[in-house]
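The block underneath contains the structure these notes are about, expressed in structure tokens.
Hydrogens, waters and symmetry mates are skipped; everything else that's a heavy atom, side chains included, is used. Treat the numbers as computed from the prediction; the structure is a model and nothing was measured. Count residues from 1 along the sequence.
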Amino acid sequence: MGTVFSFDIRDEPTPAIRRALAQAVRQLHHVDAVFSTYRPDSYISRLNRGEIRLAECPPEVHEVMSLCAEATHDSDGYFSINPAGSLDPSGLVKGWAAEAASHILYNAGAHHTCVNGGGDLQLRTPADHSTPWRIGIAHPLLPGELATVITTGRDLAVATSGTAERGAHIVDPRDGTPVTAMASLTVVGPRLTMTDVYATAAFARGDGARAWLETLPDHEALAILPDGHRWQTSGFGQYES
């Protein structure tokens, strides 16, 4: 998937949790083998070249394509699996894979975890735990500095889209032009699959992002603009410390 995954597990490392961690890592390698656009032998690459049909792909491809269709509909087309003219569901797959890995750990008894997929996070917090997660959000214009710190004592997903790491790589699917209205956009919500999708889709909306994000239940956002100014949705302040 062209990125690095990491795990922060605060639970006692029981044999079941160790096995679950190994299973989660294997699952991530499997997801990469199926969906990577960097690998010519992946199902997605072969599907894009027309060498196979969707019916010949494994069930997880059908699941992801269905979720992508839902995301495209819910975002009025600003989320796209053909952003540069070729099949690329990476904007959903990374968050989906990290959320699935978190679920594997949770089912094995690891209830205090952070799965980090290239800077997009799925956090789990036990209901009776008093120590919250504190997540620093890198400032896109000031290397080494933080734009804010998100604090949460409950399950939460955090996803950021921006230009700091990869330049203006998010395009407006209507005309294919790079979107530069924001330097970064961080979205928080309950589950990483859709939180990551919403961060990408809102960034692609450009100037219309804030109004659209305000309509999404259970999601909040912070944007840093190219001139250093910022805006945030009405409920984002509850997460800042």
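A donor-acceptor contact under 3.5 angstrom links the side chains of Thr125 and Trp133, judged on distance only. Arg10 and Thr113 share no side-chain donor-acceptor pair at under 3.5 Å. A side-chain N or O of Glu60 and one of His30 form a donor-acceptor pair less than 3.5 Å apart. A side-chain donor-acceptor contact under 3.5 Å links Ser234 and Glu214.
Linking Ile, Leu, Val, Met, Phe, Trp and Tyr whenever their side-chain heavy atoms come within less than 4.5 Å puts Leu54 and Leu92 in one cluster. Clustering ILVMFWY residues whenever any of their side-chain heavy atoms sit less than 4.5 angstrom apart, transitively, puts Val158 in a cluster other than the one holding Tyr106.
Here the options are Leu121, Leu105, Ile104, the test is side-chain contact (heavy atoms from CB on, under 4.5 Å), and the partner is Val115; only Leu105 passes. The side-chain contact (heavy atoms from CB on, under 4.5 Å) test with Thr151 singles out one residue from Glu240, Arg134, Gln238, and that residue is Arg134.
Using a 4.5 Å heavy-atom cutoff, the side chains of Thr186 and Thr148 are not in contact. Under the 4.5 Å side-chain criterion, counting only non-hydrogen atoms from C-beta, Pro190 is in contact with His219.
Panel note: side chain Ser42, backbone Ser36; a donor-acceptor pair is recorded below 3.5 Å. Under the 3.5 Å distance criterion, the side-chain polar atoms of Glu145 are left unmatched by any main-chain donor or acceptor of Leu142. Side-chain N or O atoms of His111 include none that pairs as donor or acceptor with a backbone N or O of Asp11 at under 3.5 Å.
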Considering only distance and modelled atom types, tabulate donor-acceptor pairs under 3.5 Å from the side chains of residues 198-207, sequence neighbours left out.
unit_1	atom_1	unit_2	atom_2	d
Thr200	OG1	Asp196	O	3.3
Arg205	NH2	Ser75	O	3.1
Arg205	NH2	Asp76	OD2	2.5

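Arg46 has no carboxylate O lying under 4.0 Å from a charged side-chain N of Asp41, or vice versa, which leaves the two without a salt bridge.
Residues Ser184 and Pro140 approach most closely at OG-CG, 3.4 Å, considering heavy atoms. Residue Ala181 comes nearest to Leu225 through the heavy atom pair O-CD2, 3.7 Å, listed as atom of the first residue, atom of the second, then distance.
Aromatic pair Trp231/Phe236: ring centres not closer than 6.0 Å.
Residue Thr193 holds its OG1 atom at 12.0 Å from NZ of Lys94, rounded to the nearest 0.5 Å.
Sorted by first and then second residue, the salt bridge (Lys or Arg N to Asp or Glu O under 4.0 Å) pairs with a member in residues 83-93 form an empty list; sequence neighbours excluded.
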